Amino acid sequence: MPAHEGSHMYRAVPAQIDLPAMEHDVLDLWDAEQVFEASVAQSAGKPPWVSYEGPPTANGTPGTHHVEARVFKDVFPRYRTMKGFHVPRQAGWDCHGLPVELAVEKELGFSGKQDIERYGVAAFNERCRESVLRHVDEFTAMTRRMGYWVDFDRAYWTMDAEYVQSVWWSLKQIYDKGLLVQDHRVAPYCPRCGTGLSDHELAQGYETVIDPSVYVRFPITDEAFLTRFPGAVFLVWTTTPWTLVSNTAVAANPDADYSVVVTSDGETVVIASALVSSLLGDGTTELAVLKGSELERITYDRPFDLVEIPDAHYVILADYVTTDDGTGLVHQAPAFGADDLASCRSYGLPVINPVLPDGTFAVDVPVVGGLFFKKADATLVELLHDGGRLFKHLEYEHSYPHCWRCHTPLIYYAQPSWYIRTTAIKDQLIEQNELTNWFPGTIKSGRFGDWLNNNVDWALSRNRFWGTPLPIWRCPDGHLTVVESLAELSAIGGVDVTGTDPHRPYVDDITIPCTTCGATAARVPEVIDCWYDSGAMPFAAVGYPHVDAGAFAAQYPADFICEAIDQTRGWFYTLMAIGTLVFDRSSYRNVLCLGHILDEEGRKMSKHIGNVLEPIGLMNDHGADAVRWFMLASGSPWQARRVGHAAIGDVVRKTLLTYWNTVSFQSMYARLANWEPSQPAPAVADRPVIDRWLTAQAHELAREVDRSLEAFDTQRAGRLLSTFIDDLSNWYVRRSRRRFWDGDPAALATLHEALRITTLCMAPFTPFITERVWQDLFRTTDPDAATSVHLAEWPQADPGVIDAALAEDMALVRRIVELGRAARATSGIRTRQPLGRALVSASGWTSLSDDLRAEICEELNVAVIETLADDTAGFVEIAVKANFRALGQRFGKQTPLVAEAIASADPVALIAGIRSAGSVSIHASDVGDVTISEADLVVTETPREGWAVAAEGGESLALDLHITDSLHRAGIAREIVRAVQEARKQAGFDVSDRISVWWDTPDPVVRLALTEHHALIAQEVLATSFEEDTQRASASAVAVTVPDTSLGILIARSGDR
RNA sequence: GGGCCUAUAGCUCAGCUUGGUUAGAGCGCUUCCCUGAUAAGGAAGAGGUCGGUGGUUCAAGUCCACCUAGGCCCA
């Protein structure tokens, strides 16, 4: 509550805070004051900084990994906004595709496409649309809770009619360039989903499985060959016995050597020479070595006679065959392998496919008819065994592609599909990648660069229902008409269909006259890969070109995108590919690639294991700021990281609460002193050295955090901030407490400014707590302050204020203080007991200013501090070590010899010589005389006797432990002060309460201490009266116990008398 | 089989770009201290063959090679 009307005082900031509750209040504040909207509106006209929101698929509950990506997608826009850029942020939802279809299938209890067709495509797609809308709410709630500012009102939906038509437009551009084609190829195919998958979808679904690994005898039937080698068989290896049913040929490498060998069992077999010993072992007899080319067209008897395959079953030649594993003779089933198909086609072999689109063998196939392809393996292996064809049967563990959504093993399957010929723009893609900044950089040439180098055409079409329909109409003669919009369809067809839902089945009902021949053309049945949808968002999100061309121009390409590493071949690829296909340039300049979030044991989070951290719960336990800070600053963003309650709780205690308590401290004492930031304070240059130091550090902080964020390095920025907060609380405030009790304007103004800079720098990271602080400390005190910290400008670092020399000096001060504390601890004399003097030896010490030395004295509670080297009494022990870093540069190979010479020299004489002459010459064996200066040495000076000493890294401090009577009494006085303070706290007095003190003691030393230090004690404990008298006990008086004394004290609040 | 990443204290991680002789922090543990903001703070201690082997170098946690294990991605 403000002290009076029109005042510019801080609000009271309680020491205790419930962070999650505070965050909810801040969320309400942002809503009430429309802060996000204001931050975008306020920057209109400023240079744009564009980041794209990769649309999450709304088909399930958001997880902690979604929070991770969203934290990074939030922190940089907030930062750029503060830096004076205009950063519009459009939310987006990925609506189409298999994930959604599968979720709906599951809800409806369906098991395949037939079920969907029976249910009706219109109704099914309606369920898909409804499912998307349902799940979007959960994402919105999580997004709001975590403080990710993104504009949901303008969100793009990939299922919107405008979006779909934008995608159509782009496909037409690609078609017009001749890069959208239909082709029959062997492609990965999910038999359960009944559709082919693209290579980047394939990448999502590898699973480790154990398959049979069988070596099969293919008896040779070529008479000439058999005449030379009676009873010879080809040994053929496969891990997919089910494809043996459609065996069409055996491929050999024309240039490889093949051996005809008799095994130890007396059997004549043909395999690659390179594999004879590993496969057949010892005891074989080699009959002949033939080139693969000599085997061409040698016929054999196929393993199964279940389907008709005419004019086949001989050896063909193919370069891709290797002799690294298997037998060097590769079974060919052209319907189920891309290489097989190409090789067999070149020999004019037929392509026979006995497997139906649902993955089962056709019912009329003997033995395996109706069986799911994978399930046929066991039956077939048994059949091979019974027929004497099985040479060897092992199990083989390998990773095999599975459907990324339903986990059905995929089948490589020949079928017609639509492709985008990305291979035609491969060089352009590589060029665009060169112009892209990847974080971390290794992705660029590594994972992503490899992917581009091995680029294959994009299998675009899906034989499914809920997706963007391919905008291609075909007439009976096969002429194609590709359209870019419903308006174009209306124009061609002469019927207004602009109000039609551009989804199946409605769009399928539209027919148009063929633009080539005029015959009736109908849409091809396929929909497209939903990854195309999301990759099209840079233009489709604004409905380009049909809706708003200006918006697109302003937001292309993006300055920044960010997702987890699994998007390398997903969104990162589709964005770059579509951008390059349609606009000849990639859609983004900088891309941050995050590592995955793991559980506390380092396992992937999955529903199966039950180790999923539910993000809203996590944020309600610890606060969104804590989760955000963890994601940004704890560990390396591109490294897989373990997240758990302990790690996030740490963030709260170490960073957020320390910051908060510093704020609370400042608010408390400023209010007690009726201080306002607008009150005059001495110029920084005229303030005490510690104020100048803190101010310099704060400006350096602003500069360095800025640099880090420019380089997308949140980890370094976080480290800078938490170090600064620690310095602030545990050095500046700790050292300056007394000045705050006294209401010193210089101290209050210094801390105010330091907190202002910290709060601003931290705002993008932890937007809640910084907003609370901004409201309580800055908005209330400055009528010109921005109404939200997120509407404020980034703090300008003044290079003139930054003082590297002072920072170094202060670091030395703190190291010396640490030595002093260590010496105190080893001596057993508590800091409360004043000591007479300390001696210091450290490089840089002699040039330390008096006020910095005073800091050390005060902190260590010693009367004077002096230079150890000045003490000529001879009780200083000097140890000298070689400084290898300096010597190594000068002497290279001879460094150890010089170091040895230094070690064996008399350190006292050495130092005496150097200190008087600047350098000395010493003799090193095999090197000769060398000149040594102090920089070549690490000098440690320690006193010999009667002192408490601590030394580290060439710096040392010694405490004079002699306690005089006067020091003893001063110690007692401090002891009394501490005891009274403790009692005040116990009694629940406020820090500003004045008290009365009555005391009595039989001990003359204590009595003397009390009288001697009477004024000091009274001042320290805020006593308005301080009398020797224990008889005056009052009802509210509190007894104070002072350890190790026979002192009796009573205190009472002055007002309580 | 290939590519990339990772391996440092009981746990979580810095440090490696630019090599320097006592390898750090936080958490946890033991002992002690301090407390007029703090769920804080400080000191000491236990705990490390810096995954292994070789190499380069006067000097390797750091650079190089190979290997091992784990992860991710691909085939």
Side-chain angles (χ1 to χ4, degrees), chain A residues 13-17 19 199 202-204 206 322 324-325 398-401 440 442-443 445-451 453-454 565-566 568-569 595-596 598 600 602-604 634-636 638-644 646-647 649-654 656-669 715 719 722-723 726 729-731 733-734 737-738 740-741 817-826 828-832 859 881-889 891-899 938 950 952-953 977-978 980-982 984-985 989-993 1020-1022:
Chain A
V13 176
Q16 306 287 314
I17 183 173
L19 292 172
D199 264 56
L202 197 66
Q204 315 270 323
Y206 275 81
T322 70
D324 296 339
D325 52 14
H398 64 145
S399 55
Y400 186 83
T442 49
I443 307 271
S445 58
R447 193 173 282 216
F448 195 75
D450 284 350
W451 168 248
N453 279 320
N454 298 310
I565 193 160
D566 53 276
T568 313
R569 295 162 192 212
H596 282 127
L598 308 173
E600 278 176 304
R603 296 170 306 183
K604 225 169 169 173
S634 190
S636 177
W638 34 76
Q639 207 69 55
R641 285 181 294 168
R642 303 180 181 198
V643 60
D650 246 31
V651 170
V652 172
R653 282 187 303 109
K654 294 299 295 179
L656 299 182
L657 288 182
T658 307
Y659 165 69
W660 180 260
N661 284 313
T662 307
V663 169
S664 166
F665 176 90
Q666 166 79 350
S667 156
M668 175 175 180
Y669 287 105
Q715 189 189 12
R719 197 164 46 223
S722 51
T723 303
D726 189 64
S729 168
N730 291 321
W731 185 248
V733 171
R734 173 193 166 78
R737 253 187 286 224
R738 182 168 306 270
F740 286 89
W741 303 341
V817 163
E818 270 178 41
L819 291 173
R821 287 182 188 142
R824 280 266 185 190
T826 51
I829 297 175
R830 49 187 49 163
T831 311
R832 219 178 291 138
E859 179 68 16
K881 277 197 311 184
N883 178 357
F884 279 85
R885 191 188 282 269
L887 292 177
Q889 282 171 9
F891 297 107
K893 212 170 271 210
Q894 294 166 324
T895 305
L897 297 169
V898 179
V938 178
E952 175 127 14
V977 168
R978 194 204 63 80
V980 173
Q981 302 292 28
E982 180 66 21
R984 285 181 56 118
K985 205 174 180 184
F989 293 178
D990 198 82
V991 293
S992 57
D993 283 341
E1020 288 290 298
V1021 303
L1022 301 183

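From a predicted model like this one, the values you see are computed outputs, not experimental measurements. Heavy-atom basis, side chains included; hydrogens, waters and symmetry copies ignored. Within every chain, numbering begins at 1; the chains are lettered A, B, ... in the order of the sequence lines, protein sequences first and strands thereafter.
Taking the P atom of each, B:A23 and B:U49 are spaced 13 Å apart, rounded to whole Å. Taking the P atoms as reference points, B:G20 lies 16 Å from B:C50, given to the whole Å. Taking atom P in both B:G55 and B:C13, the straight-line distance is 33 Å, to the nearest Å. B:G41 and B:U68 have their C1' atoms separated by 44 Å, with the value rounded to a whole Å. B:G2 and B:A9: their C1' atoms are spaced 36 Å apart (whole Å). To the nearest whole angstrom, the two P atoms, one in B:U18 and one in B:U8, are 24 Å apart. Spacing between B:G52 and B:A43 at atom P, rounded to whole Å, works out to 31 Å. Between B:U30 and B:A40, the two P atoms lie 16 Å apart (nearest whole Å).
For A:F884, there are no ring pair (Phe, Tyr, Trp, His ring centres under 6.0 Å) partners, not counting sequence neighbours. With sequence neighbours left out, the side chain to side chain donor-acceptor pair (under 3.5 Å) criterion links A:Q715 to no other residue. Not counting sequence neighbours, the partners of A:V13 by the side-chain contact (heavy atoms from CB on, under 4.5 Å) test are A:W660, A:V663, A:S664, A:S667, A:D776, A:L777. The side-chain contact (heavy atoms from CB on, under 4.5 Å) check on A:I565 picks up A:I443, A:R447, A:T568, A:C593, A:H596, with sequence neighbours excluded. With sequence neighbours left out, A:Y659 forms a side chain to side chain donor-acceptor pair (under 3.5 Å) with A:T759. A:R737 is linked by a salt bridge (charged side-chain N to carboxylate O under 4.0 Å, His left out) to nothing, counting only residues two or more places apart in sequence or in another chain. Under the side chain to side chain donor-acceptor pair (under 3.5 Å) criterion, A:R885 pairs with no residue at all, not counting sequence neighbours. For A:N730, the side-chain contact (heavy atoms from CB on, under 4.5 Å) partners two or more places apart in sequence, or in a different chain, are A:D726.
Once rounded to the nearest 0.5 Å, the distance linking CD1 of A:I17 with CG of A:N661 reads 9.0 Å.
Put simply, CG on A:N453 is 19 Å from P on B:G2, counting in whole angstrom units. For the pair A:R738 CZ and B:U35 P, the interatomic distance rounds to 12 Å; values are reported in whole Å. One atom, CG of A:N883, and another, C1' of B:C58, lie 15 Å apart when rounded to the nearest Å. Rounded to an integer number of Å, the gap from A:D726 CG to B:G41 C1' is 9 Å. In this structure, A:R885 places its CZ atom 16 Å from C1' of B:U57, rounding to the nearest Å. Taking atom CD1 on A:I565 and atom C1' on B:C73, their separation rounds to 8 Å, with Å as the unit. The distance from atom CZ of A:F891 to atom C1' of B:U57 is 18 Å, rounded to the nearest whole Å. When rounded to the nearest whole Å, the span between CD of A:Q894 and C1' of B:U57 equals 15 Å.
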Protein-nucleotides 13-15 of chain B N/O pairs under 3.5 Å:
residue : atom : partner : partner atom : Å
B:A14   : O2'  : A:R719  : NH1          : 3.3

Could you list all N or O pairs between the protein and nucleotides 38-40 of chain B that sit under 3.5 Å apart?
residue : atom : partner : partner atom : Å
B:U38   : O2'  : A:N661  : ND2          : 3.0
B:A39   : N6   : A:I17   : N            : 3.4
B:A39   : N6   : A:I17   : O            : 2.4
B:A40   : OP1  : A:R653  : NH1          : 2.9

Treat a base pair as Watson-Crick or G-U wobble with both distances under 3.5 Å, then lay out RNA chain B in dot-bracket form, 5' to 3', with | for cross-strand pairs. (((((((..((((......[...)))).(((((.......))))).....(((((..]....)))))))))))).

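At distances below 3.5 Å, at least one donor-acceptor pair connects side-chain atoms of A:R984 with backbone N or O atoms of A:D993.
Among all heavy-atom pairs drawn from A:F740 and A:Y669, the shortest one is O-CB, 3.6 Å. Contact record, A:E859 with A:V817: CG-CG1, 3.5 Å, taken as the closest heavy-atom pair.
Within 4.0 Å (heavy atoms only), A:V733 reaches at least one base atom of the nucleic acid. Within the 4.0 angstrom heavy-atom criterion, no nucleotide atom of any strand lies near A:Q666.
Contact annotation: the side chain of A:M668 never approaches that of A:F665 to less than 4.5 Å [non-hydrogen atoms, C-beta and beyond].
A distance cut-off of 5.5 Å between ring centres, combined with a plane angle under 30°, leaves A:F884 outside any stacking arrangement with the base of B:A59.
Taking for each of A:M668 and A:A882 the nucleotide of RNA chain B with the nearest heavy atom, the 5'-most of the two is the partner of A:A882.
Set against B:C58, B:G20, B:A37, the side chain of A:K893 has B:C58 as its closest nucleotide.
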